[in-house]
Amino acid sequence: MNPGLYIHVPFCIRKCRYCDFYSEARLEGISAYLSALQKEMARVASEVAFEGELDTLYLGGGTPSILRPSQVEAIVDSAARFFPLAEDLEVTLETNPGTVDKTTLGDFKKAGVTRLNVGVQSLNDETLSFLGRLHTSQEAISVLEMARGVGFENIGADLIFGIPGQSEEEVLADVKGLLELLPEHLSCYMLTLEEGTPLEKAHRKGHFSMPDDALAGALFSAVSNALTQAGYLHYEVSNFARKEAFISRHNVKYWEETTTLGLGPSAHGYWREKGLRWWNFRTLNDYVDALAQGGRPVAGQETLGDEERLTEALYLGLRRRQGVDLAGLGRRFDRDLLKRLKPTAGELVKQGLAELDEAQLRLTRRGFALADGIVMRLLRFL
Ligand code: SF4
């Protein structure tokens, strides 16, 4: 599989209450960031000897749609200068409502963006306000409509569910509203409380309680049912595509342990040939300083051993629709995985959580809802 390029754009107009991704609200740092990014591209291109052409460029954040289209175009051009890019490069721009209008969306398309991923999160204004989002539901709908209007043919939307007090009907109303806009891709995440975020602190003070496991499972099933009935492929625990062609090419790289060059503050990269994972300095200042001093802005790195690679392959594989070929994975790591895992896999099958087809173990929809716990059960027998 071809390698991919991820670029973290660390700016947001305002911080959402649940978010622990690194971003700055001081937008005056953008020009220093952009010139540091150029330097990082040059360094990574000369130091990471990966094989093949990059076929994805994913601008994530943060809020990449804060950038001007000319700045996005400059990033795409620089990537083409420093790296070998495939002709059918997928260029994704994470886009937040409240930061774009029809003209900017059209200009992003001209700048080379092929795929928009819109942070809708909910179509309920009370939910959006609870999450601390900057926009209303109507603004989110407008972005999806405008994106279609300017000619984007690959549009994704993010949805968060499991908001305190949210009923199944409310979650389904969000899903139904999104389906009317026919997005090619949907990422649907259960709200999680990340340590140190305003939402997590409010929860600790007892301001609200989170859905229990039974309700969380019911909401997950309701979302999956609604989307699969509408014809979407539930191809990974949190991801749905209107058809195969709209599966996020970039995300698949993480699940298949492909080389991904991660650039920008707090970005992570992985060099498959060496089993080497690295992560950049988290803050913009540290990132810019490291590059100004002529080095790479790498805060840490580790070489993954067999145990870690096997654990990851199992964890990431079982989160996908096709599951894991236990015989093939066992051969790769020189152990009889099928024999070791068969008894537990058999229990999972009896409980309706998995299917075992020869050596192919895959989770059912019910299993998807409990994927993390299931992987933990299996890991004990590796
Ligand atoms: S817009 Fe996205 S990255 Fe920025 S604070 Fe909100 S959730 Fe986090």
Could you check whether Ser23 and Lys15, counting side-chain N and O atoms only, form a donor-acceptor pair closer than 3.5 Å?
yes
Please list every donor-acceptor pair under 3.5 Å in which a side-chain atom of residues 59-69 meets a protein atom from a residue at least two apart or in another chain.
| unit_1 | atom_1 | unit_2 | atom_2 | d |
| --- | --- | --- | --- | --- |
| Thr63 | OG1 | Asn96 | ND2 | 2.9 |
| Ser65 | OG | Asn96 | N | 3.0 |
| Ser65 | OG | Thr99 | OG1 | 2.8 |

State, yes or no, whether a side-chain contact exists between Tyr254 and Tyr270 at a heavy-atom distance under 4.5 Å.
no
Residue pair Arg133 / Tyr18, side-chain donor-acceptor N/O under 3.5 Å
yes
With sequence neighbours excluded, give me every side-chain hydrogen bond (donor to acceptor under 3.5 Å, both in side chains) pair touching residues 75-87.
Gln38-Ser78, Gln38-Arg81
Not counting sequence neighbours, which residues clear side chain to side chain contact (heavy atoms under 4.5 Å, CB included) with Leu276? List them please.
Trp271, Lys274, Gln301, Thr303
Do the side-chain N and O atoms of Thr192 and Glu194 include a donor-acceptor pair separated by under 3.5 angstrom?
yes
When you compare the side chains of Thr92 and Asn117, does any donor N or O come within less than 3.5 Å of an acceptor on the partner?
no
ring-ring contact (aromatic ring centres under 6.0 Å, His included) assessment of His234 paired with Phe220
CA-CA 12 Å; His234 191 171; Phe220 179 90; 5.7 Å; yes
For residues 204-217, which residue pairs qualify under salt bridge (charged side-chain N to carboxylate O under 4.0 Å, His left out), counting only residues two or more places apart or in two chains?
Glu200-Arg204
For a salt bridge (Lys or Arg N to Asp or Glu O under 4.0 Å) check, start with the C-alpha distance between Arg148 and Glu184, then their side-chain angles and the critical distance, and finish with the verdict.
CA-CA 11 Å; Arg148 193 67 81 201; Glu184 277 68 35; 3.2 Å; yes
Arg26: what forms a salt bridge (charged side-chain N to carboxylate O under 4.0 Å, His left out) with it, not counting sequence neighbours?
Glu24
Determine the interplanar angle of the His203 and Phe208 rings, folded into 0 to 90°, and report it as parallel if under 30°, tilted if 30 to 60°, perpendicular if over 60°.
tilted
For Leu291, does its backbone N or O pair with a side-chain atom of Arg43 as donor and acceptor, under 3.5 Å?
no
Aromatic contact, His185 with Tyr235 (centres under 6.0 Å)
yes
With salt bridge (charged side-chain N to carboxylate O under 4.0 Å, His left out) as the rule and sequence neighbours excluded, what pairs involving residues 150-171 come up?
none
Electrostatic pair Arg272-Glu256, nearest N-O below 4.0 angstrom
no
Using the six-membered ring of Phe152, assess whether NZ or CZ of Arg115 lies under 6.0 Å from its centre and within 45 degrees of the ring axis.
no
